[in-house]
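Have a look at the structure below, then the notes.
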Amino acid sequence: MDIVIRRAGQDDLQTIHEMAEVVFRETYKNILSADQMDYMMDWMYSIPNLEKQVALGHTYYIAWLGNEPQGYVSVRKDSVDADGTEVWHLEKIYVMPSAQGTGLGHMLLETAKQHVRDCKWSANARIELNVNRNNPAVGFYRNQGLSILRQGDFPIGNGFYMNDYIMGTDIR
């Protein structure tokens, strides 16, 4: 598989939106109600909301196989802990169903980690992500060296919640 991962620009937001219509819906079809799925798709993946995310510091990368997008990852600097550790949030990481199991998820995660290494100013950094507690991807993240740091039920509006683990790993 000859995958190229490159940083996404404004012109790539439509591609991210189109991939999300497939992979996000496939990922959560047995976890979320149709109403919550539609709400979250608009909240996270409408073009205006993707534009807002980029303006707020989300950096997207897209994995390409030839001219076909195969997955994406988004990361942003979140905060600094009391001990000076930079906390970066892995906002999104999804691989198209046809490319799952090929190592592409690992490549996208490594891309996000490298982005943090390239941008961090502190000696200590951690990357964290929210993952639905019922998502089989929890096992993938554990296999990639992330651990469960905490869990919560986070209100996202319209009466909906994200019932997530917060997983993370230190970045050196």
### Heavy-atom neighbours of Arg117 CZ exceed 12 at 6.0 Å
yes

Kindly state each residue pair satisfying salt bridge (Lys or Arg N to Asp or Glu O under 4.0 Å) with at least one member in [range], sequence neighbours excluded.
range            : answer
residues 101-113 : Glu110-Lys113
residues 46-55   : none
residues 148-163 : Glu128-Arg150, Arg133-Asp153

Distance-minimising heavy-atom pair for [X] and [Y]:
X      : Y      : answer
Gly145 : Thr169 : O-OG1, 3.6 Å
Ala99  : Gln70  : CB-OE1, 3.4 Å
Met19  : Gly71  : SD-N, 3.5 Å
Glu26  : Pro97  : CG-CG, 4.0 Å

Indicate if [X] and [Y] have the same hydrophobic cluster label, given that clusters are the connected sets of ILVMFWY residues with side-chain heavy-atom separations under 4.5 angstrom.
X      : Y      : result
Ile156 : Leu129 : no
Val131 : Met44  : no
Val23  : Met40  : yes
Met167 : Met162 : no
Val116 : Ile166 : no

Side chains of [X] and [Y], heavy atoms from C-beta outward: is any pair under 4.5 Å?
X      : Y      : value
Glu91  : Val75  : no
Leu108 : Ile5   : yes
Glu18  : Pro69  : no
Ser147 : Leu149 : yes

### Message
Please verify the inter-ring angle class for Tyr28 with Tyr94; under 30° counts as parallel, over 60° as perpendicular, anything in between as tilted.
### Response
perpendicular

With rounding to the nearest 0.5 Å, note down the distance linking [atom1] in [X] to [atom2] in [Y].
X      : Y      : atom1 : atom2 : result
Arg25  : Leu32  : CZ    : CG    : 10.5 Å
Leu109 : Leu146 : CG    : CG    : 6.0 Å
Gln53  : Thr59  : CD    : OG1   : 11.5 Å
Ile62  : Ile3   : CD1   : CD1   : 12.0 Å
Leu50  : Gln10  : CG    : CD    : 9.5 Å
His106 : Ile93  : NE2   : CD1   : 10.0 Å

Sequence-distant partners of [X], side-chain hydrogen bond (donor to acceptor under 3.5 Å, both in side chains), two or more places apart:
X      : result
Gln151 : none
His17  : none
Asp118 : Gln114
Asp78  : Arg76

### Message
Asp170: which residues meet the side chain to side chain contact (heavy atoms under 4.5 Å, CB included) condition with it, sequence neighbours left out?
### Response
Arg126, Arg172

Under 3.5 Å, which donor-acceptor pairs link side chains of residues 82-90 to any protein atom two or more places apart or in another chain?
unit_1, atom_1, unit_2, atom_2, d
Asp83, OD1, Thr85, N, 2.9
Asp83, OD1, Thr85, OG1, 2.8
Asp83, OD2, Thr85, OG1, 3.3
Glu86, OE1, Trp88, NE1, 3.1
Glu86, OE2, Trp121, N, 2.7
Glu86, OE2, Ser122, N, 2.5
His89, NE2, Asn130, OD1, 3.1

### Task
Please list all pairs passing the ring-ring contact (aromatic ring centres under 6.0 Å, His included) test where one or both residues lie in residues 130-166, with sequence neighbours left out.
Tyr39-Phe160

### Task
Can you run down the ring-ring contact (aromatic ring centres under 6.0 Å, His included) pairs that involve residues 46-68, sequence neighbours left out, and say none if there aren't any?
Tyr61-His115

### Task
Check salt bridge (Lys or Arg N to Asp or Glu O under 4.0 Å) between Asp12 and all other residues, then give those that pass, not counting sequence neighbours.
Arg6

### Task
Could you go through the side-chain contact (heavy atoms from CB on, under 4.5 Å) check for Phe24 and Met37 one step at a time?
CA-CA 9 Å; Phe24 187 83; Met37 179 94 64; 3.8 Å; yes

### Query
Are Lys92 and Tyr45 in a cation-pi contact, defined as NZ or CZ under 6.0 Å from the six-membered ring centre and within 45° of the axis?
yes

